[in-house]
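This report concerns only the one structure given below.
All values below come from the heavy atoms of this structure, side chains included, with hydrogens, waters and symmetry mates left out. Here is the naming used below: chain letters follow the sequence lines, and residue numbers restart at 1 for every chain.
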Amino acid sequence: MPSVTDADFERVRALVASIPAGRVATYGDIAKAAGLTNARQVGWIMREDSADLPWHRVIGASGRPAAHIAAEQLARLRAEGVLSVDGRVPLRERRHTFL
DNA sequence: AGATTGACTTGAG
DNA sequence: ACTCAAGCCAATC
(Lines give C-alpha, C1' and ligand atoms only; values in the text may rest on other atoms or scores of the structure.)
Protein backbone atom coordinates (compact mmCIF):
# COMPACT_ATOMS: atom_id res chain seq x y z
CA MET A 1 0.00 0.00 0.00
CA PRO A 2 2.63 2.49 -0.91
CA SER A 3 0.56 5.60 -1.05
CA VAL A 4 0.81 8.59 1.20
CA THR A 5 -1.89 8.40 3.82
CA ASP A 6 -2.91 10.78 6.58
CA ALA A 7 -0.81 8.69 8.94
CA ASP A 8 2.29 9.15 6.79
CA PHE A 9 1.52 12.81 6.56
CA GLU A 10 1.33 13.17 10.31
CA ARG A 11 4.37 11.01 10.81
CA VAL A 12 6.46 13.21 8.57
CA ARG A 13 5.16 16.29 10.31
CA ALA A 14 6.09 14.83 13.68
CA LEU A 15 9.58 14.00 12.51
CA VAL A 16 10.16 17.43 11.07
CA ALA A 17 8.81 18.98 14.24
CA SER A 18 11.16 16.80 16.26
CA ILE A 19 14.27 18.23 14.64
CA PRO A 20 15.94 20.38 17.27
CA ALA A 21 16.85 23.95 16.49
CA GLY A 22 20.30 24.29 15.07
CA ARG A 23 20.04 20.92 13.38
CA VAL A 24 18.91 19.80 9.94
CA ALA A 25 17.79 16.57 8.33
CA THR A 26 17.71 15.37 4.76
CA TYR A 27 14.61 14.31 2.89
CA GLY A 28 16.00 10.84 2.60
CA ASP A 29 16.50 10.50 6.32
CA ILE A 30 13.00 11.69 7.04
CA ALA A 31 11.58 9.34 4.45
CA LYS A 32 13.45 6.46 5.99
CA ALA A 33 12.43 7.38 9.51
CA ALA A 34 8.81 7.86 8.47
CA GLY A 35 8.74 4.53 6.71
CA LEU A 36 8.35 6.02 3.25
CA THR A 37 10.08 4.41 0.32
CA ASN A 38 11.62 7.47 -1.26
CA ALA A 39 12.50 11.02 -0.44
CA ARG A 40 10.28 12.58 -3.09
CA GLN A 41 7.21 11.72 -1.10
CA VAL A 42 8.57 13.74 1.77
CA GLY A 43 9.15 16.60 -0.59
CA TRP A 44 5.62 16.29 -1.85
CA ILE A 45 4.22 16.35 1.66
CA MET A 46 6.27 19.37 2.55
CA ARG A 47 4.98 21.22 -0.44
CA GLU A 48 1.42 20.47 0.57
CA ASP A 49 1.86 21.45 4.19
CA SER A 50 4.66 23.89 4.76
CA ALA A 51 2.61 26.12 7.00
CA ASP A 52 3.12 25.13 10.61
CA LEU A 53 6.35 23.20 10.35
CA PRO A 54 10.02 24.09 10.64
CA TRP A 55 10.48 23.07 7.02
CA HIS A 56 13.63 25.15 6.93
CA ARG A 57 15.33 22.40 8.90
CA VAL A 58 14.74 19.99 6.04
CA ILE A 59 17.27 20.04 3.21
CA GLY A 60 18.46 17.87 0.38
CA ALA A 61 21.29 15.36 0.59
CA SER A 62 23.60 17.88 -1.03
CA GLY A 63 23.40 19.99 2.09
CA ARG A 64 21.60 22.49 0.01
CA PRO A 65 17.93 23.48 0.21
CA ALA A 66 15.56 23.32 -2.71
CA ALA A 67 16.20 26.26 -5.01
CA HIS A 68 12.86 28.10 -4.58
CA ILE A 69 13.18 28.43 -0.84
CA ALA A 70 16.96 28.52 -0.50
CA ALA A 71 17.20 32.15 0.53
CA GLU A 72 14.48 31.78 3.14
CA GLN A 73 15.96 28.63 4.58
CA LEU A 74 19.44 29.99 4.83
CA ALA A 75 18.15 33.10 6.54
CA ARG A 76 16.09 31.12 9.06
CA LEU A 77 18.83 28.63 9.73
CA ARG A 78 21.31 31.39 10.28
CA ALA A 79 18.85 32.89 12.75
CA GLU A 80 18.79 29.57 14.62
CA GLY A 81 22.55 29.44 14.85
CA VAL A 82 23.28 27.26 11.83
CA LEU A 83 26.30 28.61 10.06
CA SER A 84 25.67 28.16 6.37
CA VAL A 85 28.85 28.27 4.36
CA ASP A 86 28.55 29.51 0.81
CA GLY A 87 24.82 28.83 0.72
CA ARG A 88 25.08 25.32 2.07
CA VAL A 89 24.92 23.66 5.46
CA PRO A 90 27.74 21.45 6.72
CA LEU A 91 25.73 18.25 6.90
CA ARG A 92 28.59 16.39 8.47
CA GLU A 93 28.13 18.44 11.63
CA ARG A 94 24.52 19.52 11.45
CA ARG A 95 22.79 16.41 10.22
CA HIS A 96 20.20 15.19 12.71
CA THR A 97 19.70 11.45 12.96
CA PHE A 98 16.40 10.30 14.45
CA LEU A 99 18.11 7.87 16.75
C1' DA B 1 -4.82 4.72 -18.85
C1' DG B 2 -0.75 7.31 -20.36
C1' DA B 3 2.14 11.40 -19.92
C1' DT B 4 4.02 15.04 -17.12
C1' DT B 5 5.97 16.99 -12.98
C1' DG B 6 8.45 17.42 -8.76
C1' DA B 7 10.68 20.76 -1.37
C1' DC B 8 14.93 13.94 -4.01
C1' DT B 9 19.20 10.73 -4.58
C1' DT B 10 23.01 8.65 -6.55
C1' DG B 11 26.40 7.78 -9.78
C1' DA B 12 29.08 8.75 -13.89
C1' DG B 13 31.71 12.01 -16.80
C1' DA C 1 33.67 20.28 -7.27
C1' DC C 2 30.14 20.82 -10.93
C1' DT C 3 26.85 19.20 -14.40
C1' DC C 4 24.10 15.74 -16.60
C1' DA C 5 21.41 11.58 -16.71
C1' DA C 6 18.79 8.01 -14.92
C1' DG C 7 16.19 5.94 -11.08
C1' DC C 8 12.68 6.54 -8.07
C1' DC C 9 7.43 6.92 -6.42
C1' DA C 10 3.30 9.30 -5.90
C1' DA C 11 0.20 13.19 -7.49
C1' DT C 12 -1.84 15.69 -11.03
C1' DC C 13 -3.37 16.63 -15.92
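Comparing A:Asn38 and A:Glu48 along DNA chain C, the residue whose closest nucleotide (by nearest heavy atom) sits nearer the 5' end is A:Asn38.
Scored by the side-chain contact (heavy atoms from CB on, under 4.5 Å) test, A:Ala7 finds A:Thr5, A:Arg11 as partners (sequence neighbours excluded). In terms of the side-chain contact (heavy atoms from CB on, under 4.5 Å) criterion, residue partners of A:Ala21 (sequence neighbours excluded) are, by chain and number, A:Arg57, A:Glu80. The salt bridge (Lys or Arg N to Asp or Glu O under 4.0 Å) search around A:Arg78 returns none, not counting sequence neighbours. A:Trp44 pairs by the side-chain contact (heavy atoms from CB on, under 4.5 Å) definition with A:Val4, A:Arg47, A:Glu48, not counting sequence neighbours.
Within residues 50-68 of chain A, the residues that place at least one heavy atom under 4.0 Å from DNA chain B are, in residue-number order, A:Ser50, A:Gly60, A:Ala61, A:Ala66, A:His68. Listed by residue number, there are no residues of residues 79-91 of chain A with a heavy-atom contact under 4.0 Å to DNA chain B. For DNA chain B, the residues of residues 28-36 of chain A within the heavy-atom distance limit of 4.0 Å (strictly under) are A:Gly28, sorted by number.
One interatomic measurement links the two molecules: CD1 of A:Ile45 to P of C:dC9, which rounds to 15 Å at whole-angstrom precision.
Using a 4.5 Å cut-off on side-chain heavy atoms (C-beta onward), A:Met46 and A:Val16 make contact. With a 4.5 Å cut-off on side-chain heavy atoms, A:Trp55 and A:Glu72 count as touching.
Judged by distance alone, the side chain of A:Gln73 and the main-chain N or O of A:Arg64 form no donor-acceptor pair under 3.5 Å. A:Gln41 places no side-chain N or O within 3.5 Å of a backbone atom of A:Leu36 that could act as its donor or acceptor partner.
Here A:Asp8 contributes atom CG and A:Ser3 contributes atom OG; the two are 7.5 Å apart, rounded to the nearest 0.5 Å. With rounding to the nearest 0.5 angstrom, the CG atom of A:Leu15 is 10.5 Å from the CG atom of A:Leu53. Atom CZ in A:Arg94 sits 6.0 Å away from atom CG in A:Leu83 (nearest 0.5 Å).
Residue pairs meeting the ring-ring contact (aromatic ring centres under 6.0 Å, His included) criterion with at least one member in residues 73-99 of chain A, sequence neighbours excluded, are A:His96-A:Phe98. Applying the salt bridge (Lys or Arg N to Asp or Glu O under 4.0 Å) definition to pairs two or more places apart or across chains, those involving residues 18-39 of chain A are A:Asp29-A:Arg95.
Think of A:Val82 as one node in a network of Ile, Leu, Val, Met, Phe, Trp and Tyr side chains linked at under 4.5 Å; its network also takes in A:Val24, A:Ile59, A:Leu77, A:Val89, A:Leu91.
Interface remark: the A:Arg40 side chain does form a donor-acceptor pair with the C:dC8 base, using a distance-only criterion of under 3.5 Å.
More than 12 non-hydrogen atoms from other residues, nucleotides or ligands lie less than 6.0 angstrom from CG of A:Asp52.
First and last contacts of DNA chain B with chain A, using any nucleotide atom under 4.0 Å from a protein heavy atom and ordered 5' to 3', fall at B:dG6 to B:dT10.
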Each base of DNA chain B marked ( ) or [ ] if paired in-strand (Watson-Crick or G-U under 3.5 Å), | if paired to another strand and . if unpaired gives .|||||.||||||
